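No experiment lies behind these values; they were computed from the predicted model shown.
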Amino acid sequence: MKINKLCWLGLMLLAVGATAQTETAPERKEIDAPAAPSFNKERLIPIEMPRHITLRFGIDPLTLTIGPDGVVRYVMVAISPAGTLTALYEGIRCPNWEVKTYARYSASGQWSSVSNPEWRAMNDQPSRHARTFAKQGACQNGAAVPASVAEIINTLKNPGQSSQH
């Protein structure tokens with residue numbers, strides 16, 4: 001009986017220690033986002049959106065980065081059925097399930113910086129494309145940060161080969 005109590009006590013101490021480490025782990029400080037990168041619509045990797053959405057979405061893999069702050073940054077391109085192109089330079093924080101838009105690209109061919117970019121939940125309706133991208137590759141397997149840009153690209157190009165968030 002004494003051994004069982006000691007084992008139980010040891011497990012409780014381990015659990016308390018693990019909880020304390022989790023609660024006191026320092027949060028990564030977000031870096032200033034680099035300027036919006038150039039993109040090429042010919043390189044887009046499609047993001048599979050629900051059928052009722054008429055816009056086609058894709059990520060230019062050469063714009064995809066994972067910063068030292070753990071933020072996955074990318075250019076998401078949207079093309080209308082009429083061929084009108086718009087793009088968003090965004091970042092995703094996987095552990096928080098949040099997205100931030102840094103800049104918007106218009107049909108005029110210019111980037112416009114968002115004056116006060118803020119993190120918002122990916123569950124918001126305007127963030128459907130970001131949530132879909134997160135599920136299809138950016139935040140795969142529920143990981144806080146993907147292992148690499150190459151891993152995200154591979155997952156996007158080969159859907160269904162790994163479990164999703």
So, the side chain of [X] versus the backbone of [Y]: is there a donor-acceptor pair under 3.5 Å, distance only?
{"X": "Asn158", "Y": "Asn154", "value": "yes"}
{"X": "Thr63", "Y": "Val75", "value": "yes"}
{"X": "Ser80", "Y": "Ala82", "value": "yes"}
{"X": "Ser127", "Y": "Arg131", "value": "no"}

Once you round to the nearest 0.5 Å, how far does [atom1] of [X] lie from [atom2] of [Y]?
{"X": "Phe133", "Y": "Cys139", "atom1": "CZ", "atom2": "SG", "result": "8.0 Å"}
{"X": "Glu98", "Y": "Arg120", "atom1": "CD", "atom2": "CZ", "result": "10.5 Å"}
{"X": "Ile79", "Y": "Thr84", "atom1": "CD1", "atom2": "OG1", "result": "10.0 Å"}
{"X": "Leu156", "Y": "Ile47", "atom1": "CG", "atom2": "CD1", "result": "5.0 Å"}

Once side-chain contact (heavy atoms from CB on, under 4.5 Å) is applied, do any residues pair with [X], and if so which ones, sequence neighbours excluded?
{"X": "Pro46", "result": "Glu48"}
{"X": "Arg104", "result": "Leu88, Thr101, Val114"}
{"X": "Ser112", "result": "none"}

| said: Applying salt bridge (Lys or Arg N to Asp or Glu O under 4.0 Å), can you list everything that pairs with Arg73, at least two apart in sequence or on another chain? | reply: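 Scan of Arg73 (salt bridge (Lys or Arg N to Asp or Glu O under 4.0 Å), adjacent residues dropped) gives Glu30, Asp69.
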Side-chain heavy atoms nearer than 4.5 Å, only ILVMFWY residues, links allowed to pass through others: does that put Leu62 and Ile92 together?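 Leu62 does not cluster with Ile92.
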Using the rule that two of Ile, Leu, Val, Met, Phe, Trp, Tyr join whenever any of their side-chain heavy atoms come within less than 4.5 Å, decide whether Ile66 and Ile31 are in one cluster.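 Not linked; separate clusters.
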Decide side-chain contact (heavy atoms from CB on, under 4.5 Å) for Thr155 and Gln136; before the verdict, give the C-alpha distance in whole Å, the side-chain angles of both, and the deciding distance to 0.1 Å. CA-CA 7 Å; Thr155 302; Gln136 290 180 12; over 6 Å; no
Going through the checks in order, is the side-chain contact (heavy atoms from CB on, under 4.5 Å) test met by Ile152 and Leu64? CA-CA 9 Å; Ile152 295 172; Leu64 193 55; 3.6 Å; yes
- Full working for side chain to side chain donor-acceptor pair (under 3.5 Å) between Glu90 and Tyr74: CA-CA 6 Å; Glu90 296 181 318; Tyr74 56 91; 2.7 Å; yes
What is the minimum heavy-atom distance between [X] and [Y], and which atoms define it?
{"X": "Cys94", "Y": "Ala138", "value": "SG-O, 3.5 Å"}
{"X": "His52", "Y": "Arg128", "value": "NE2-NH1, 3.0 Å"}
{"X": "Tyr102", "Y": "Gly91", "value": "CE1-N, 3.4 Å"}

Checklist entry - Heavy-atom count around Arg56 CZ within 6.0 Å, excluding the residue itself: above 12? => result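 No, because the 6.0 Å sphere around CZ of Arg56 holds 12 heavy atoms or fewer from other groups.
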- Message: Walk me through whether Met49 and His129 qualify under side-chain contact (heavy atoms from CB on, under 4.5 Å).
- Response: CA-CA 7 Å; Met49 299 296 287; His129 64 277; 4.1 Å; yes
Residue pairs, two or more places apart or on separate chains, that pass side chain to side chain donor-acceptor pair (under 3.5 Å) and touch residues 31-43: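 Sorted pair list: Arg43-Asp60.
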Excluding sequence neighbours, so at least two apart, what forms side-chain hydrogen bond (donor to acceptor under 3.5 Å, both in side chains) with Tyr89?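 Applying side-chain hydrogen bond (donor to acceptor under 3.5 Å, both in side chains) to Tyr89 gives none.
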Exercise. Does Phe57 reach the side chain of Val77, with side-chain heavy atoms less than 4.5 Å apart?
Worked result: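 The answer is no, as the side chains (C-beta and beyond) never meet within the 4.5 Å cut-off.
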